[in-house]
Amino acid sequence: MSGLTTVLVTRPEREAGPWVQALQAEGVQAEAFPLIEIAPLDDAQALHAAWVQVPQCLAVMFVSANAVRFFMAAQPAGLEVQTCRAWATGPGTQAALLDSGWPSAQIDAPRPDAPQFDSEALWAVVAERVRTAQAKGPAQVLIVRGADAQGQMAGRDWLALQLQEAGLQVAQVVAYARQAPVLSSLQQARACQAVQDGSWWLFSSSEAAVHLQQACPALDVSRAQALATHPRIAERLRRMGWGCVHLVPAPLSLQAKSIKSLS
């Protein structure tokens, strides 16, 4: 990769800034271009009610650091989590749990050097614990996730299906909303430039690419370059017409090395 080539990080603003700084520290020229906006719920009644289930749960599974942040902000006074395990799909979510005060011994997550951070990687970690719990009697897992702009639960149900097939009860609750940002005229101009000048768009969610398409419907991505942190994201980008799509590792240090290897 040329030293002048820029990587546009499309994560939500709260995560994009630190990710840009980390990539820059690894020698990658990067800038933030958030394409997912995180917002609180208009009505958090269901979120508060979900906390009643926590002491009886085998585990609470968090799909992201934002799920942790908004769920823990709704924690009722005096209700502790020491008896319940927390499941995280990646190091960012795990770090958010630790920052929130969840006991480290009660957190299950893939190894920091795992090839992917997703439901499959988490299932490999917790499957035996699930089977043991199921053998002892009824058990429940609460999944905390986001919703799209229409209020529908966002994300895959793969892990929920695995848990149900294993005989566990699964409850799900929305903790925050994922929305498409409104791009300024300057941001739209930057997007048009970036699909033509050899910049790389870094996607950790295909939803960000959808939001880009919605904000700039005339944008021609047939010659644009994209980096995807998961095979499913890469496949979605190719279906959307992105001309050049490369799969990069999810861990940041490996991701930076992979990016720098591109020419």
Side-chain angles (χ1 to χ4, degrees), residues 9 11-19 22 34 36-112 114 116-123 125-126 129-130 140-148 151 153-160 163 170-179 204-205 207-208 229-230 250-252:
V9 179
R11 291 169 177 262
E13 184 174 5
R14 187 183 181 96
E15 291 83 33
W19 203 263
I36 298 175
E37 187 174 281
I38 303 299
L41 302 175
D42 292 332
D43 182 359
Q45 184 176 350
L47 182 60
H48 289 282
W51 265 101
V52 178
Q53 306 175 49
V54 171
Q56 288 77 45
C57 285
L58 167 67
V60 181
M61 184 272 188
F62 296 91
V63 302
S64 67
N66 284 308
V68 175
R69 183 160 61 93
F70 284 96
F71 188 74
M72 296 304 291
Q75 182 177 6
L79 197 156
E80 301 298 333
V81 297
Q82 273 75 6
T83 60
C84 181
R85 303 195 69 81
W87 293 352
T89 54
T93 306
Q94 185 175 11
L97 283 164
L98 293 170
D99 289 344
S100 75
W102 206 291
S104 60
Q106 291 293 102
I107 300 174
D108 298 306
R111 291 172 55 89
Q116 301 292 343
F117 300 132
D118 55 17
S119 295
E120 287 88 341
L122 175 61
W123 178 246
V125 175
V126 303
R129 189 184 300 277
V130 166
Q140 175 174 290
V141 171
L142 173 65
I143 298 178
V144 184
R145 61 199 322 159
D148 61 22
M153 287 191 181
R156 301 167 67 225
D157 284 328
W158 186 88
L159 183 63
L163 293 169
V170 177
Q172 303 197 50
V173 65
V174 169
Y176 61 96
R178 297 164 61 92
Q179 303 172 347
S204 56
S205 168
E207 186 180 16
T229 61
H230 196 281
L252 193 147

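- Put simply, CG on L159 and CH2 on W123 are 7.0 Å apart, with the number rounded to the nearest 0.5 Å.
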Please list, one pair per line, the donor and acceptor atoms closer than 3.5 Å that link side chains of residues 61-68 to other protein atoms, with sequence neighbours excluded.
from, atom 1, to, atom 2, distance (Å)
S64, OG, N66, N, 3.4
S64, OG, A67, N, 3.1
S64, OG, Y176, OH, 2.8
N66, OD1, R69, NH2, 2.8
N66, ND2, E15, OE2, 3.4

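- Nearest heavy atoms, P12 versus P34: C-CB, 4.2 Å.
- By the side-chain contact (heavy atoms from CB on, under 4.5 Å) test, P91 pairs with F117, sequence neighbours left out.
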Could you pull out all donor-acceptor pairs under 3.5 Å where a side-chain atom in residues 94-109 meets a protein atom, sequence neighbours excluded?
from, atom 1, to, atom 2, distance (Å)
S100, OG, L97, O, 2.7
W102, NE1, C84, O, 3.3
Q106, OE1, R85, NH1, 3.3
Q106, NE2, Q82, O, 3.2
Q106, NE2, C84, O, 3.4
D108, OD1, R85, NH2, 3.0
D108, OD2, R85, NE, 2.7
D108, OD2, W87, NE1, 3.2

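- Nearest approach of L47 to V174, heavy atoms of both residues: CD1-O, 3.9 Å.
- For the pair S119 and T89, the tightest heavy-atom approach, listed with the atom from each and the gap, is N-CG2, 4.4 Å.
- With sequence neighbours excluded, the residues that form a side-chain contact (heavy atoms from CB on, under 4.5 Å) with S205 are I36, R178, E207.
- Evaluation of the salt bridge (charged side-chain N to carboxylate O under 4.0 Å, His left out) test over residues 50-64, restricted to residues two or more places apart or in two chains, returns none.
- Here the closest heavy-atom approach between residue A88 and residue L122 is recorded as O-CD1, 3.4 Å.
- Across all non-hydrogen atoms, the minimal contact from L252 to A22 is CD1-CB, 3.2 Å.
- The OG1 atom of T229 sits 6.5 Å away from the CZ atom of R11 when rounded to the nearest 0.5 Å.
- Between R14 and I38 the shortest side-chain heavy-atom distance does not fall below 4.5 Å.
- For residues 44-62, the set of pairs meeting the side-chain hydrogen bond (donor to acceptor under 3.5 Å, both in side chains) definition, not counting sequence neighbours, comprises Q53-Q140.
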Check: Between V144 and M72, does a side-chain contact (heavy atoms from CB on, under 4.5 Å) hold up when you go through it step by step?
Finding: CA-CA 11 Å; V144 184; M72 296 304 291; over 6 Å; no
